[in-house]
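Okay, so here's the structure we're looking at.
Quantities reported herein were computed from a predicted structural model and do not represent experimental measurements.
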Amino acid sequence: MSSAMRAGRAAASGSVLCLTPALVTLVLTIPGIIATVVVSTQPVLEAEIRKAISIPCVPSISTPNTMKYLQWFVMEKNVRQRIYFQDMENSTIDDGTDYTNRISVDTMYTLTIDPVMPMDERTFHCQVGAGPVGSGEAKTQLKVFAAPDTPVIEKSPGIFSLLESRPKEIASCVARNGYPAPNITWYKDRTPLQADPLIRNKTFQSLLRTMQANGLYTMKSMLSYLPVKQDKDATFYCEVSYRMPAGIDKMKESEKINISISYPPENAEFLIHPKVLKEMDNMTMECQSDGTSSVDYTFFKILDGAEMDLTSEGNKAVVTELSRKDSGVYGCKVLDLEMFNEFVSNKTIIVNYLDPIVLTPKGPYVYTEGDKNVRISCEATASQQSTVVWTKRKRTVISTGKWLELSMVALDDAGNYSCKVTVPGVPSLSRQKTISIVVNGPPHVNCTTEIFQKNGPYVNLTCVFHGEPMPVVTCNADKEPTLRYHRQKNYVVSELILPLPTGELQVTCNGTNIHGNDGYPFIVQGGVAQAKSSGGVVIVVIIVCILLLAILGAVLYFLYKKGKIPCGRSGKQSITQAEVHDNIVVEVKNDQKVPEETVLLQGVNGDKKPPNHQ
């Protein structure tokens with residue numbers, strides 16, 4: 001049989017073949033003929049338990065077509081036991097063996113075991129017979145492996161004292177279902193705990209190996225250890241290491257545990273909550289020791305140079321509704337009940353406070369419009385540096401000092417002011433006081449006009465009267481105005497809605513209080529509303545128009561003198577018609593006489609000229 005065919009059979013077996021032939025040669029001496037049977041296989045194969053493995057058998061016969069039979073054997077207690085037979089006609093899996101129901105042989109003579117079990121770590125023989133040529137065989141050593149379960153660690157109950165002189169068992173580690181028996185290693189903070197002369201007196205490991213009914217191993221390791229104080233924060237765990245096919249080394253780690261260690265205290269620490277205190281707070285005092293052994297706690301306050309014991313529960317004590325008188329020195333004591341050592345810790349406690357706000361002057365705060373240099377101070381005594389902020393209507397910051405200053409009092413200065421005193425170094429320690437400033441003064445008016453359509457044209461006459469006391473508003477119209485009062489801001493809004501007249505309508509709205517009055521006259525004419533009180537502006541407009549007319553007259557007279565304008569009836573007529581059709585209306589609504597207007601008009605019109613000048 002060719003080497004290529006042998007390699008093909010090896011591939012069909014499902015294993016990687018690196019064939020090192022085990023040659024068994026049968027030599028028959030027949031005159032002129034030497035015949036041989038050579039069987040090749042893998043000397044060693046590795047298999048994983050619960051999976052399948054194929055063992056190749058590759059025969060090579062010098063005289064083709066002389067093969068007569070094939071047999072597979074397994075070594076059982078140093079005795080070879082057949083498990084399979086095949087001749088030219090039949091094939092048989094032997095009954096009553098460990099492989100009766102787990103093996104098969106293909107046409108390439110490859111033996112497959114499925115599934116592999118721990119008992120399969122044996123030697124398997126493949127034998128091929130070729131009649132008169134003889135027979136040959138080869139053997140394979142099968143090694144099996146099983147990955148163990150993740151190790152389970154269990155901490156021993158109880159607390160381990162530093163006063164112990166010999167190691168005590170602190171934990172156990174169990175790894176099940178491994179093959180061959182795996183190894184267990186203990187670790188402390190990633191450092192293996194192995195046999196070492198320097199730590200032999202404080203570390204001891206015992207190992208128990210058990211074979212289960214299924215042939216797999218259970219490994220149990222117990223760790224005995226003599227801890228030190230630094231081990232209070234250490235983590236312990238175990239690691240199981242094992243080997244798998246193809247020479248791969250693997251490992252699995254257990255969960256990590258901490259052990260409870262008892263050791264005496266060396267210091268005491270006194271704490272308070274909250275760290276910054278103020279009056280009416282509840283103070284919780286806590287005493288902490290750096291030991292874990294049994295201790296007794298005592299709390300005290302220094303009063304007149306002597307210690308006064310305080311009521312406590314465990315390592316805590318509470319003082320409720322603090323006042324500034326509760327400031328002083330507080331502390332605690334820790335007594336070690338095993339070694340009878342006592343440790344003391346104390347500190348000075350300050351209870352912060354903020355007294356009620358004092359305003360100067362005390363009020364009432366009533367001023368008159370136009371008053372000067374009004375000052376109001378806001379102060380409060382505190383245990384620490386404080387800050388003062390003045391706000392108006394709780395939003396607008398007016399001042400960041402203790403003084404509220406009004407250099408010139410106006411009506412808009414009226415309203416509510418808040419003074420807030422805060423201690424920045426003490427959370428939520430603040431006080432606030434609100435005052436109301438009243439500014440007396442006569443009414444001031446501001447009006448607007450709006451024309452709108454609603455089943456016809458209407459005019460809306462709106463005025464805002466600002467003053468203190470609140471002005472009384474009246475309008476000389478057939479209809480009473482609608483009033484809206486805003487007492488916090490000391491103003492009243494008057495709204496008067498009237499049908500838009502076709503002619504002229506005069507309406508005056510007045511606001512009156514004890515300090516005076518102010519009014520606003522409206523003129524509504526031909527769909528236009530204007531204020532009568534604005535006579536000065538109207539006069540200025542009229543004067544400008546008169547000046548323009550005077551300039552125009554002077555230009556016309558100059559052109560006439562130069563003969564640029566013909567003197568005739570038609571010319572006069574055209575000028576007259578133009579003046580008639582220029583629908584210019586100048587309306588003066590003012591009771592004052594305007595002498596300047598008369599003078600300017602005379603300058604424009606002039607006296608009648610002689611006929612030769614026309």
Side-chain angles (χ1 to χ4, degrees), residues 361 363-376 390-396 398 404-418 434-452 454 458-501 504-525 528-539 589-592:
Y365 305 99
V366 180
Y367 305 101
T368 301
E369 182 181 18
D371 287 350
K372 297 180 180 179
N373 300 324
V374 171
R375 303 182 78 199
I376 304 172
W390 282 94
T391 58
K392 187 176 183 182
R393 300 188 184 97
K394 299 182 180 180
R395 291 187 298 272
T396 305
I398 304 300
L404 173 64
E405 297 180 314
L406 302 175
S407 58
M408 178 73 74
V409 177
L411 289 175
D412 289 338
D413 293 328
N416 294 328
Y417 292 78
S418 293
T434 301
I435 64 171
S436 179
I437 293 181
V438 177
V439 179
N440 292 314
H444 297 278
V445 64
N446 185 21
C447 298
T448 59
T449 305
E450 180 185 4
I451 297 175
F452 63 94
K454 184 177 181 182
Y458 284 83
V459 61
N460 185 344
L461 309 178
T462 303
C463 292
V464 178
F465 291 90
H466 194 183
E468 180 64 33
M470 191 76 72
V472 176
V473 178
T474 59
C475 296
N476 62 339
D478 295 336
K479 181 180 179 181
E480 291 295 327
T482 300
L483 303 178
R484 298 193 302 273
Y485 294 92
H486 295 266
R487 300 191 180 279
Q488 288 186 350
K489 298 182 180 180
N490 301 323
Y491 70 85
V492 58
V493 178
S494 167
E495 186 178 57
L496 185 61
I497 298 177
L498 302 172
L500 188 65
E504 181 179 284
L505 175 65
Q506 295 187 7
V507 177
T508 300
C509 291
N510 289 298
T512 304
N513 64 11
I514 59 175
H515 301 292
N517 62 80
D518 194 6
Y520 195 95
F522 295 93
I523 296 178
V524 181
Q525 181 177 16
V528 177
Q530 56 185 355
K532 184 177 181 180
S533 61
S534 58
V537 177
V538 175
I539 292 173
K589 296 296 182 179
N590 199 310
D591 295 337
Q592 297 179 356

Q. Between Ile398 and Thr391, does a side-chain contact (heavy atoms from CB on, under 4.5 Å) hold up when you go through it step by step?
A. CA-CA 5 Å; Ile398 304 300; Thr391 58; 5.7 Å; no
Q. Tyr365 and Val438: side-chain contact (heavy atoms from CB on, under 4.5 Å), yes or no, with the steps?
A. CA-CA 6 Å; Tyr365 305 99; Val438 177; over 6 Å; no
Q: With side-chain hydrogen bond (donor to acceptor under 3.5 Å, both in side chains) as the test, would you mind laying out the steps for Glu369 and Asn440 before giving the verdict?
A: CA-CA 6 Å; Glu369 182 181 18; Asn440 292 314; over 6 Å; no
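Put simply, the side chain of Leu500 reaches to within 4.5 Å of the side chain of Ile451, judged on heavy atoms. Ser494 is not listed as a side-chain neighbour of Arg484, based on a closest heavy-atom distance of 4.5 Å or more. Two residues are said to be in side-chain contact when any heavy atoms from C-beta on lie closer than 4.5 Å; Val473 and Cys463 fail this criterion. Side-chain contact between Ile437 and Leu404 is present, with heavy atoms from C-beta onward closer than 4.5 Å. With a 4.5 Å cut-off on side-chain heavy atoms, Val464 and Val445 do not count as touching. Using a 4.5 Å heavy-atom threshold, the side chains of Thr508 and Tyr520 count as separate.
Taking both residues in full, the closest heavy atoms of Ser418 and Thr434 are given as OG-OG1, 3.2 Å, listed atom of the first, atom of the second, then distance. Across Asn513 and Pro442, no two heavy atoms sit closer than the pair OD1-CA, 3.7 Å. Across Leu498 and Val507, no two heavy atoms sit closer than the pair CD1-CG2, 4.0 Å. Between Phe452 and Ile497 the shortest heavy-atom distance is CZ-CG2, 3.8 Å. Here the shortest heavy-atom pairing between Pro501 and Val524 reads CD-CG1, 3.4 Å. Summarising the geometry of Glu468 relative to Asn490, their closest heavy-atom pair is OE1-OD1, 3.0 Å, with the distance given to 0.1 Å.
Once rounded to the nearest 0.5 Å, the distance linking OH of Tyr417 with CD1 of Ile435 reads 8.0 Å. To the nearest 0.5 Å, atom OG1 of residue Thr396 and atom CH2 of residue Trp390 are 15.0 Å apart. To the nearest 0.5 angstrom, Cys447 atom SG is 5.5 Å from Phe465 atom CZ. Considering OG of Ser407 and CG of Asn373, their distance stands at 7.0 Å, rounded to 0.5 Å. Of the inter-residue distances, the one linking Thr482 atom OG1 with Leu496 atom CG reads 8.0 Å to the nearest 0.5 angstrom. Put simply, OG1 on Thr462 and CD on Glu495 are 4.5 Å apart, with the number rounded to the nearest 0.5 Å.
For Lys392 (side chain) and Ala414 (main-chain N/O), a donor-acceptor pair under 3.5 Å exists by modelled atom type.
Cys pair Cys509/Cys475: SG-SG separation is below 2.5 Å.
Partners of Glu480 by side chain to side chain donor-acceptor pair (under 3.5 Å), not counting sequence neighbours: none found.
Evaluation of the salt bridge (Lys or Arg N to Asp or Glu O under 4.0 Å) test over residues 405-414, restricted to residues two or more places apart or in two chains, returns Arg375-Glu405.
Under the 30°/60° scheme for interplanar angles, the aromatic rings of His486 and Tyr491 are found to lie parallel.
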